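Worksheet for the structure shown next.
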Amino acid sequence: MDTNDLTPELKALFEEAVSLPEPDLKGMEEAHRALACNPEVTAKVMGGLFINKILGQMDVLDMSQSQLAKSWGKDRQYISSILNTEKPKNFTLKTVAELSMKVGLRVKLEFEPLYTASVAGRFLHFDQGVSALSSMEELFSTIKPQKECRATRRIQAADESYELAA
Amino acid sequence: MKIDLEDIPGLEHFFSDPPKWKVKTCCLGGAGNLVLKKLDLWRNDPEMEEEYGQIIANIVVTACSEKIESDTPFVKKNRNPENGEVYEFRAFNENTERAGKARVLFFYDEDDENLIICTNTFEKGQGDQNMSFSQCAQLKQRYFQQRR
């Protein structure tokens with residue numbers, strides 16, 4: 001690979017670059033699959049989306065943080081602690097509703113099944129956490145149709161009801 | 001040096017609908033991918049694992065949000081006008097209660113489809129942050145030259 005046309009800065013980057021081996025890529029995919037089902041990470045994502053929406057709406061309204069503080073009856077430091085710091089926040093629903101309304105928005109809650117057909121093929125939530133299953137066959141080998149088992153717990157997958165074998 | 005784009009493996013599990021921005025990483029001239037390499041190192045480092053999760057969450061948030069025009073708690077825009085519009089994802093360290101060390105630098109491509117392109121990384125306390133932004137800006141310039 002010809003690197004003669006690169007600046008010293010890019011050459012330094014180029015020398016550090018390596019291709020990740022397939023097992024590491026696979027490991028990363030599994031890690032992200034697990035993170036996507038992690039409630040703590042999901043809360044951080046929801047909090048982040050909320051803050052980005054509020055900041056974007058303030059831009060649209062040309063509203064400063066001081067103006068928001070004044071109209072909300074809060075001090076400027078409180079607003080700054082919500083909107084400017086990297087620390088993840090655990091907003092109450094009341095704060096979410098109030099802050100949204102202060103920038104002229106109403107919150108709409110939407111839900112969707114955690115396990116779509118493709119996801120259900122690989123993940124189930126048990127009491128001890130998320131258990132990764134390697135394939136749809138493995139999923140169904142752990143579940144027996146309702147009639148056949150003494151059940152402990154019911155799950156829904158692919159529009160059918162199953163119970164785990166005791 | 002050709003720049004190819006690669007996905008972050010498994011990021012699609014966060015999205016039930018297509019995000020506003022597709023997230024890609026730069027593969028440099030077939031030599032390798034700095035972003036995936038560093039993400040993998042952070043993922044496997046117990047001290048950085050928490051920050052790694054936050055960086056991924058921040059990437060997901062930014063992929064689902066409007067283009068960042070000014071700083072947010074998760075993304076900072078580079079202040080050096082010579083570098084143009086380049087940004088960094090940041091994390092928060094819950095142990096020190098301060099901004100974390102992990103950073104992933106990126107730029108937006110709004111030409112054909114909306115892309116967030118992650119170019120390189122920076123770890124606070126190691127290396128030069130200004131140089132990392134400059135490297136990001138140079139890769140951005142090469143990427144758009146290559147597109148023409």
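No experiment lies behind these values; they were computed from the predicted model shown. Naming convention: chains lettered A, B, ... in sequence-line order (proteins, then strands); numbering from 1 in each chain.
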Best-contacting candidate, A:Ala12, A:Ser19, A:Ala31, A:Ala36, against chain B by heavy atom pairs under 4.5 angstrom: A:Ala36

Heavy-atom pairs under 4.5 Å with chain B are the metric here; pick the option from A:Leu35, A:Thr42, A:Val41, A:Leu83 that has the most. A:Leu35

May I ask whether [X] and [Y] are part of the same hydrophobic cluster, defined by side-chain heavy atoms of I, L, V, M, F, W, Y residues being less than 4.5 angstrom apart, directly or through others?
X: B:Ile117; Y: B:Ile56; answer: no
X: B:Leu105; Y: B:Phe144; answer: yes
X: A:Phe14; Y: B:Phe122; answer: yes
X: B:Tyr108; Y: B:Val104; answer: yes
X: B:Phe15; Y: B:Ile55; answer: yes

Is it the backbone or the side chain of [X] that comes under 4.5 Å from a heavy atom of chain A, or both, or neither?
X: B:Phe14; answer: both
X: B:Leu36; answer: both
X: B:Leu39; answer: both
X: B:Asp40; answer: both
X: B:Glu49; answer: neither
X: B:Glu66; answer: neither
X: B:Ser70; answer: side chain
X: B:Lys67; answer: neither
X: B:Gln54; answer: side chain

With a 4.5 angstrom heavy-atom cut-off, which part of [X] approaches chain B: side chain, backbone, both or neither?
X: A:Asp24; result: both
X: A:Leu20; result: side chain
X: A:Ile51; result: side chain

To the closest 0.5 Å, what do you measure between [atom1] ([X]) and [atom2] ([Y])?
X: B:Glu6; Y: A:Leu25; atom1: CD; atom2: CG; value: 7.5 Å
X: B:Tyr52; Y: A:Met28; atom1: OH; atom2: CE; value: 5.0 Å
X: B:Thr121; Y: A:Glu16; atom1: OG1; atom2: CD; value: 7.5 Å
X: B:Thr62; Y: A:Leu49; atom1: OG1; atom2: CG; value: 9.0 Å

Crowding at [atom1], [X] (>12 non-hydrogen neighbours, <6.0 Å):
X: B:Lys77; atom1: NZ; answer: yes
X: B:Glu47; atom1: CD; answer: no
X: A:Glu98; atom1: CD; answer: yes
X: A:Arg76; atom1: CZ; answer: yes
X: B:Arg79; atom1: CZ; answer: no
X: B:Glu82; atom1: CD; answer: no
X: B:Lys22; atom1: NZ; answer: no

Over all atoms of both residues, closest heavy-atom pair of [X] and [Y]:
X: A:Glu29; Y: B:Gly10; answer: CG-CA, 3.5 Å
X: B:Leu11; Y: A:His32; answer: N-ND1, 4.1 Å
X: A:Asn52; Y: B:Ser65; answer: ND2-OG, 2.8 Å
X: B:His13; Y: A:Arg33; answer: CE1-NH1, 3.2 Å
X: B:Arg43; Y: A:Gly27; answer: NH1-O, 3.4 Å

What residues of residues 53-65 of chain A sit under 4.5 Å from chain B when only non-hydrogen atoms are counted? A:Leu55, A:Asp59

Does a side-chain heavy-atom distance below 4.5 Å link B:Thr119 with A:Leu13? no

Tell me whether A:Glu9 is salt-bridged to B:Arg142, with the criterion being a basic N under 4.0 Å from an acidic carboxylate O. no

